[in-house]
There are 2 protein chains.
Amino acid sequence: MAGKDKGTENHIKETAKAVFFKEGRFNATTQEIADAAGVNRTLLHYYFRSREILLEKVLLEGQEVFRKKMNEHALTGLSFKEKISQLIDVWMDRVKEFPYLDSYLASQIHNTNLWENLKMNDKEQRKNIADFFAELQEEMAAGRVAKMEPMQFLLNFISMVSYPVIMRPLMENSFFNSKKAYVQAMSERKEAILSTLFR
Amino acid sequence: MAGKDKGTENHIKETAKAVFFKEGRFNATTQEIADAAGVNRTLLHYYFRSREILLEKVLLEGQEVFRKKMNEHALTGLSFKEKISQLIDVWMDRVKEFPYLDSYLASQIHNTNLWENLKMNDKEQRKNIADFFAELQEEMAAGRVAKMEPMQFLLNFISMVSYPVIMRPLMENSFFNSKKAYVQAMSERKEAILSTLFR
DNA sequence: GCCATGTTTGACAAAATTGTTAAACAAAGG
DNA sequence: CCTTTGTTTAACAATTTTGTCAAACATGGC
């Protein structure tokens, strides 16, 4: 078949995404990825030249999609709390789709090359954060959020959403009796986070 | 030298701990560890038979030390908030000593063998958590802590302490202008966490 | 029908790593 | 002094993985 050009390339990327970030097989070999995609290993190199480049592409593209979605939801006309609530949803959706993505990022803590590429110096991005912080400070002034550096609030927010997922096995083994109990807790997570961030 | 028996074995373990969890070189080879310890690679196998076993031992022992220290501080006669404050200190101390430990755990999310070994079914451990929860519920009743499942509070607490460290490169690149700004934020972290957990 | 592109097959070199073994060496302790 | 234990040296087999290559095959588009 000659027409598959972009098709297969994309299919391989999607497969890699699934293998790495849905199944969490961070050490999957090129062979395993090719098998999962139902193509020959040589084809991976044909399109991506190396395993590293494939992984990098997949990661960058995913990050881009996610970043955009977060920005969208941070820019609605909703109340601040409602906005946070939606951002939690977006994040949790991603986490449900790619439960191992953040774990992978955590494991790549030393891959400076990776972080270099994920860096975003957008003016736009910075402006969004600034706007977000301005709104947040109004909330603090109004007493609906505990007073602190906006950055600390942001760290708290991200931490509470992401950590329990990244560390699921540790949390499950340390504090929960069963997988079921953990799933139950996760379903109640959003409300708990909101109760903690707002007063 | 004949008398080094337990000495060298320990020295290797300490070195491995440093290489893995202080320097974060998760993929360090047996050769690299041996070099760092100033001994021959064969000696590693002499003492530990395999890289995996060495790593496992190091991890288990470290976990044990940490667990004990946390329990100590959870059992003092201090006020609940003061107790939490101390637990944050203990955790942050560990994090300063072994900045890559949690990242490593996150990266091993699939190593069921590891989690099996880290599991703790202690009656004692469970009792400690139960006591902690009882105290926490008093705090909620008194309105000093937002009402929620105690387990959610625990997740919040651990998340906010641990996540910013695990994800340091991501956070630094995404939200901070400089390493210095990040370090500054970390030094103010404890107060921010307490303000968020208590009201 | 032919060409370009996508795709498979099979094979290969090169490197990295692990675990093992045999032999020698060092030195402490009896 | 001799034995035991710890330690090094050197070499080796086995395995895994990566990236590359040449050749053949398939097929859609011209």
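Numbered from 1 within each chain, the chains take letters A, B, ... in sequence-line order. The basis for the numbers below is simple: all heavy atoms, side chains too, and nothing from hydrogens, waters or symmetry mates.
Base engagement by B:R41 is indicated by at least one non-hydrogen atom pair under 4.0 Å involving a base atom. Backbone-only contact: A:T30 has heavy atoms under 4.0 Å from sugar-phosphate atoms and none from a base.
Spacing between atom CG of B:L43 and atom C1' of D:dT7 amounts to 6 Å, rounded to whole angstrom units. For B:D35 and D:dT8, the CG to P distance is 11 Å, given to the nearest whole Å. Between the OH atom of A:Y46 and the C1' atom of D:dA26 there is a distance of 13 Å, rounded to whole Å. Rounded to whole Å, the distance from CG on B:N40 to C1' on D:dT7 is 8 Å. Going from atom NE2 of A:H45 over to atom P of D:dT17 covers 13 Å, rounded to whole Å. Distance CD (A:Q31) to P (D:dG19): 13 Å, rounded to an integer number of Å. We find that CG of B:L44 is positioned 13 Å from C1' of D:dT8, with the value rounded to whole Å. Rounding to whole angstrom units, CD1 of residue B:I53 and P of C:dT18 are separated by 14 Å.
In B:Q31, the CD atom is crowded: over 12 heavy atoms of neighbouring residues, nucleotides or ligands sit closer than 6.0 Å.
Under the 4.5 Å side-chain criterion, counting only non-hydrogen atoms from C-beta, A:Q86 is not in contact with A:M70.
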- Message: Please evaluate residues A:F80 and A:F132 with respect to the criterion ring-ring contact (aromatic ring centres under 6.0 Å, His included), reporting the C-alpha separation (whole Å), side-chain torsions for both, the decisive distance (0.1 Å), and the verdict.
- Response: CA-CA 9 Å; A:F80 186 74; A:F132 180 83; 5.4 Å; yes
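Side chain of A:T8, nearest nucleotide from D:dT18, D:dT8, C:dG6: C:dG6. For B:R49, counting side-chain heavy atoms from C-beta on, the closest listed nucleotide (C:dT20, D:dT7, C:dG6) is C:dT20.
In this structure, A:H110 has its ring center under 6.0 Å from that of B:Y100.
Place A:T42 and A:A28 on DNA chain D by their nearest nucleotides, and A:A28 ends up nearer the 5' end.
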